2 protein chains.
Amino acid sequence: MNTLRDPLLMPLTAEHNHQQCVSRALNTAEQLCLNRGVQLTAIRLQVLSLIWADHKAVKAYELLDRIKPLQSAAKPATIYRALDFLIEQGLIHRIESLNAFVGCRCSGQPHELLLLICKQCEEVEERAALEVMHTIANELTAAHFIVHSKAIEIQGICGKCALQSLSESST
Amino acid sequence: MNTLRDPLLMPLTAEHNHQQCVSRALNTAEQLCLNRGVQLTAIRLQVLSLIWADHKAVKAYELLDRIKPLQSAAKPATIYRALDFLIEQGLIHRIESLNAFVGCRCSGQPHELLLLICKQCEEVEERAALEVMHTIANELTAAHFIVHSKAIEIQGICGKCALQSLSESST
DNA sequence: TTGCTAAGATTACATTATAACAATCGCTAC
DNA sequence: GTAGCGATTGTTATAATGTAATCTTAGCAA
């Protein structure tokens, strides 16, 4: 396995080719929906594309504003239905602590993950963190708890922003 | 250290003496606020007591309804201010994935924890889970991420409910 | 007394999310 | 081909959650 090409292991650097990043995500989405026999309709694709505009968490009503030029009839329900579908298919994540959404960089693979949410640049990074998941599984077994879903969200400052403010304060 | 008396290690069983559980929490809260020189005012204490009515997650507007008989003038802001205070003092937790709140069973001790949220009985259990926190810390170091806050919320079925439905289905 | 501060009251509003029902569209069994 | 079906979308209304801004009050200290 070429780890350099694994999106989960690729750092979210300024230099990353976002164009490529997006088209990969959309291609994967189309392929997945095809395989599963579910419809990635125009609206759903538009919402997914808008979410992938960047790696920041985006709010539902922000999406509504952004989609209006394309779908002038769009209403809250339009967005929430598309979001529900995309979450069901594992194409995006809901960020509970922000009431916001972000594109999933490892769609298709069953995955549980940490979300690292930067308060400064607002970007969200996913980490598979197998060790973390392992210890959580142990803890849950000890507690006799049957998992349905996990939300593991860390807020703070990402490496990129930390470096930046470091270099700024030293000038 | 007598682990049987550590609230974090005490299972949330049906038999637990809730009266004692609540008075312990309220006493701790009063003591803590006294030590810190902050005021546990009537409203704040009422909200805390209402949250401690049981171990279930409770919504802000539910609290508003519950407090109305005591404070007929109560408005959303009344509740949210009290909640903000209680969270700041570490006396309750906000559950991001439910937009709800629950009493903290280990107030005063600085603590990061897992919240295990049962979808059936709606009770919330806290687990200190030091190993989990340790692996998360490692993961964050690897990601060069500076933590401000964590939300680790697991939804599923608690041991008590799992046992119950097991014994029910076997009759 | 006066002025300061923390807390609370009040009003209005902003944000997030869903319910309920109608309309449409593509498919397929007849 | 068309009647019926399921999935999707449109439309309207409203519920649920949360905050901003401004004012008042109580306690306390100068």
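Just so we're clear, the structure is a prediction, and the values are computed from it rather than from any experiment. Convention: sequence-line order gives letters A, B, ...; per-chain numbering from 1. Side-chain atoms are counted along with the backbone in the values below, which use heavy atoms only and exclude waters and symmetry mates.
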Rounded to the nearest 0.5 Å, how far apart are NE2 of B:His144 and CD1 of B:Ile146?
11.0 Å
Let me know the distance between OH of A:Tyr61 and C1' of D:dA16, rounded to the nearest Å.
11 Å
Please determine whether a side-chain nitrogen of the Lys or Arg among A:Glu112 and A:Lys150 lies less than 4.0 Å from a carboxylate oxygen of the Asp or Glu.
yes
B:Arg66 side chain to B:Leu50 main-chain N or O, any donor-acceptor pair under 3.5 Å?
yes
Under 4.0 Å from any heavy atom of chain B: name the first and the last nucleotide of DNA chain C that qualifies, 5' to 3'.
C:dA6 to C:dT11
Do B:Glu125 and B:Cys158 pass the side chain to side chain contact (heavy atoms under 4.5 Å, CB included) test, and can you show the C-alpha distance, the side-chain angles, and the key distance before you say yes or no?
CA-CA 9 Å; B:Glu125 184 176 357; B:Cys158 72; 5.6 Å; no
When you measure from every atom of DNA chain D, which of residues 41-49 of chain A have a heavy atom less than 4.0 Å away?
A:Thr41, A:Ile43, A:Arg44
Between C1' of D:dT19 and CZ of B:Arg94, the distance in whole Å
13 Å
Please state how far atom CG in A:Asn99 lies from atom C1' in D:dA16, giving the value in whole angstrom units.
12 Å
Between A:Ala100 and B:Phe85, whichever has its closest DNA chain C nucleotide further toward 5' is B:Phe85
Expressed in angstrom and rounded to an integer, what is the separation of B:Leu98 atom CG from D:dG18 atom P?
11 Å
Salt bridge or not for B:Arg127 and A:Glu139, using N-O below 4.0 Å?
yes
Take the protein atom CD1 of A:Ile67 and the nucleotide atom C1' of D:dT9, then report the distance between them rounded to whole Å.
12 Å
Taking for A:Ala60 and for B:Pro76 the nucleotide of DNA chain C with the nearest heavy atom, the one nearer the 5' end belongs to B:Pro76
Side chains of A:Phe101 and A:Leu83, heavy atoms from C-beta outward: is any pair under 4.5 Å?
yes
Taking the basic N atoms (NZ, or NE/NH1/NH2) and the acidic carboxylate oxygens, is any pair closer than 4.0 Å for B:Glu123 and B:Lys160?
yes
Does D:dA16 have OP1 or OP2 sitting under 4.0 Å from an N or O in the side chain of B:Lys59?
no
Less than 4.0 angstrom between a side-chain N/O of B:Tyr80 and OP1 or OP2 of D:dG18, yes or no?
yes
Which heavy atom of B:Ala57 sits nearest to which heavy atom of B:Ile95, and what is that distance?
CB-CD1, 3.6 Å
Between CD of A:Glu88 and P of D:dT8 the distance, given in whole Å, is 9 Å
How many Å lie between CG on A:Leu64 and C1' on D:dT12, as a whole number?
15 Å
Answer with base, sugar-phosphate or nothing: what part of the nucleic acid does B:Ala77 contact at a heavy-atom distance below 4.0 Å?
base
Between P of D:dG6 and CZ of A:Arg81, the distance in whole Å:
18 Å
Check this for me: A:Gln71, atom CD, are more than 12 non-hydrogen atoms of other residues, nucleotides or ligands nearer than 6.0 Å?
yes
